[in-house]
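Everything on this sheet refers to the single structure shown next.
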Amino acid sequence: MRRNIGRAASRLLAPFCTFFRAMESKFASLFERAVTSERLPGDIRGGAHRDLVERGLVTFVMRAPYKPFVSLVGDFNGWDTLSHPMQTDGEGTWWISVPDPGRTRYGYYVVVDDDAHAWVGDPYAREVQWSHETPWALLHGRESAFVWRDKKWRTPPLRDLVIYELCVRDFAGVWHAGHPHYGAFERLTRQLSHLTALGVNCVELMPINAFPGESSWGYNPVFYHAIANTYGGPTDFKRFVDACHRAGIAVILDVAFNHAWGQHPYYNIYPPMYGPKGEWWTDWNPFFHHTPPSINMWGGVDWDHFNPETTRYFQDIVRYWLTEYHIDGFRFDWVGGVDYDSNNPMRPDFNPYHGIAAICWAARQAKPDCILIGEFWQLEGTSPEKTAARLVHETEMDAVWNGYFHHTLDDVLNRRWEWEKRDIHRAIGGFRDIGFSTATQVINYSCSHDEVRPEHEIKFYSGKHIPRPAGMSLQDVALAQAKLGLVAVFAAPGVPMIYSGQEYGDDSPRTIDFSPLQWGKLGQPKFRRHMEMVKRLIRARRRHAALRSDHIRFFDNHFPSEHIIRFCRWDDAGDYAVCAINFAAEPRWVELPVPRDGLWRDVVGNRTRTAEGRRLLVQLPAYDAALFVCPHDA
């Protein structure tokens, strides 16, 4: 009986087995015909390259490991999947050289498996044209090379930077007649005079890599070599970088390398990894991997940076931006996600051959003086030994955002529960206590795109818990507290960073939606005075080596009861600065030691005081601060 059932099953399955063998044979035949002994002139993984193998030809390259058939499609061939089959080295790289088609949209037709195929753009596309079906790569006609005028430019040392973080869309955008006009590089370039007048010498752009739609912060990237269409094209960005360099401003790009949105070509040429309810399906994709919610809490699909395919792809990306656009460096978002090894999540150190270490190494090889900044904290399910300080010590990463500085200061400014017990001294001066060896390894800030602006939070949330001295409105208190945070940022050891709008006290809510800066506030005296104070802080920071050194000494104060801190800064050549910050709701008399008698200038209050007996005696009003430097070069 059992034998008869087996025979019947064999008869029923025979046609299916024949079909699958035929399919395997079909794909094997396709692949065998595509394999060639020829090789590209270099180890190229993607993109469209003019005159690479012969003048007048364009060579299109696509990296598609484990695929049996890839063809080039585009406007120039009517999107015919059979007219331009590509050849392969048999190891995952596919290419074809065709007569230069001029300006055209193009992409690739890829056989995914027995049941599916995909039409995708070029993962290395330098420009993209989005459609309802597929985002296509765009190849321009022949153009004259951009003429750079920044030959004398040198990236400043990290220690000398004052960083200004901005979103192109919001900084250079406006509402007009009830409609959004998103910022773009052309308008941003015309606004550089604001940044030069402010005194910053480094601009950090929130992600500009091509994303779906017209409006985004940019943390949903798809095409990493391309600029978001809403911001302009390659020439627009080159003009911006060139103008920045000629104005003495470095350019750093914020990049989201931990994940991509689902339109990415490398996700679509392999079977889906997730079911309709988000359930994990078998991962056949060499570029992406499954990660728990503690690693991917932002959406998208996570890159597997411990697969050599992904490692090489992102090394190519950083090399491209550094060489093609002359940028000065990167700020890497969510480094814990970038460096998550799903096969060994508890690894305590950083693998030098994969993950963030390999990306930073490639950037350093392309531009030895590039600036590399990370956002890192230990994530659930990973080793507690994997720290931000270890990231800086074990990789080419220069510095990290100092979350401890921000979180402590933010609690104090908003007077959250037991704020007076926070270790404000350690936050401001304890970079060594948290594992770093030099102050340049931390980026200090009182606000970034990740947080609610202090001015907004105090006005609309925490202000009811903050005592309001006589004569001060809630707006006054919010501006005063924001000022204390900025004084701490510029007076503390570490590299200072401000978020766009902080210079005049912008109190916009935190939102990923379009939110242009409130430039109109500069028409009001209190906001103009606030910006003049920030300008003085920036000028003092850039002129006084004491404020850029690693040295700090605190003077005795009992912060839980007095709500005041005092400290001095100095360098080895004799420069000196001394600071007092009064977080109390009432005035405080403070004594500040100085190395010599005579005039000293308070950068915050824009006033001079005379030191006698090597001390300055100053009364600080409620929520006020003083930062004294030598007056001859204040």
Side-chain angles (χ1 to χ4, degrees), residues 19-36 38 40 44-50 52-54 56-141 210 212 222-223 225-226 262-273 284-287 309 313:
F19 170 77
F20 287 125
R21 281 195 295 269
M23 291 299 293
E24 289 176 4
S25 175
K26 173 185 176 182
F27 288 132
S29 176
L30 283 174
F31 183 74
E32 287 170 3
R33 288 201 299 269
V35 175
T36 177
E38 296 179 13
L40 289 166
I44 301 169
R45 300 293 181 99
H49 308 269
R50 278 192 167 92
L52 180 67
V53 297
E54 182 181 324
L57 299 183
V58 178
T59 302
F60 295 87
V61 185
M62 173 67 174
R63 183 71 180 170
Y66 316 118
K67 299 295 108 178
F69 179 80
V70 182
S71 68
L72 174 67
V73 294
D75 293 325
F76 63 95
N77 68 3
W79 304 94
D80 184 350
T81 61
L82 299 178
S83 66
H84 289 89
M86 302 173 76
Q87 58 186 351
T88 179
D89 59 4
E91 298 178 356
T93 299
W94 298 74
W95 72 91
I96 187 172
S97 297
V98 302
D100 193 335
R103 180 183 172 88
T104 184
R105 292 181 305 165
Y106 75 94
Y108 303 104
Y109 171 83
V110 182
V111 172
V112 176
D113 54 27
D114 294 352
D115 303 312
H117 61 261
W119 300 69
V120 297
D122 186 345
Y124 283 71
R126 299 185 178 200
E127 289 190 76
V128 178
Q129 189 173 103
W130 295 86
S131 71
H132 294 297
E133 297 82 22
T134 302
W136 297 113
L138 181 63
L139 175 67
H140 271 285
V222 177
F223 291 90
H225 290 75
Q263 295 96 324
H264 196 284
Y266 285 151
Y267 184 71
N268 287 284
I269 64 173
Y270 296 93
M273 294 168 56
W284 300 103
N285 196 312
F287 293 94
E309 296 290 344
Y313 180 52

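This one's a predicted model, so the numbers in the text were calculated from it and none came from an experiment.
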For F60, ring pair (Phe, Tyr, Trp, His ring centres under 6.0 Å) partners two or more places apart: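 Checked F60 against ring pair (Phe, Tyr, Trp, His ring centres under 6.0 Å); matches are Y106.
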For Y109, ring pair (Phe, Tyr, Trp, His ring centres under 6.0 Å) partners two or more places apart: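 Counting only residues at least two positions away or on another chain, Y109 forms a ring pair (Phe, Tyr, Trp, His ring centres under 6.0 Å) with H117, W119.
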Are [X] and [Y] packed together at the side-chain level, in the sense that at least one heavy-atom pair is separated by less than 4.5 angstrom?
{"X": "Y108", "Y": "K67", "value": "no"}
{"X": "R103", "Y": "L138", "value": "yes"}
{"X": "H49", "Y": "L40", "value": "no"}
{"X": "E309", "Y": "R45", "value": "yes"}
{"X": "T36", "Y": "W95", "value": "yes"}
{"X": "Q263", "Y": "P212", "value": "yes"}
{"X": "W94", "Y": "P85", "value": "no"}
{"X": "V112", "Y": "P271", "value": "yes"}

Closest non-hydrogen atom pair between [X] and [Y], with its separation:
{"X": "S71", "Y": "T81", "answer": "OG-O, 2.8 Å"}
{"X": "G107", "Y": "L72", "answer": "O-CD1, 3.5 Å"}
{"X": "P123", "Y": "Y313", "answer": "O-OH, 2.9 Å"}
{"X": "D122", "Y": "Y124", "answer": "OD1-N, 2.8 Å"}
{"X": "R105", "Y": "F76", "answer": "O-CD2, 4.5 Å"}
{"X": "P265", "Y": "F223", "answer": "CG-CE2, 3.7 Å"}

How many angstroms lie between [atom1] in [X] and [atom2] in [Y], if you round to the nearest 0.5 Å?
{"X": "N285", "Y": "Y66", "atom1": "CG", "atom2": "OH", "result": "10.5 Å"}
{"X": "D75", "Y": "L139", "atom1": "CG", "atom2": "CG", "result": "10.5 Å"}
{"X": "T134", "Y": "N268", "atom1": "OG1", "atom2": "CG", "result": "8.0 Å"}
{"X": "T88", "Y": "M62", "atom1": "OG1", "atom2": "CE", "result": "11.5 Å"}
{"X": "S97", "Y": "R50", "atom1": "OG", "atom2": "CZ", "result": "13.0 Å"}

Donor-acceptor contact below 3.5 Å, side chain T59 vs main chain I96: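 No, because the side chain of T59 does not come within donor-acceptor range (under 3.5 Å) of the backbone of I96.
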Aromatic plane relationship, Y266 with F287 - under 30° parallel, 30 to 60° tilted, over 60° perpendicular: parallel
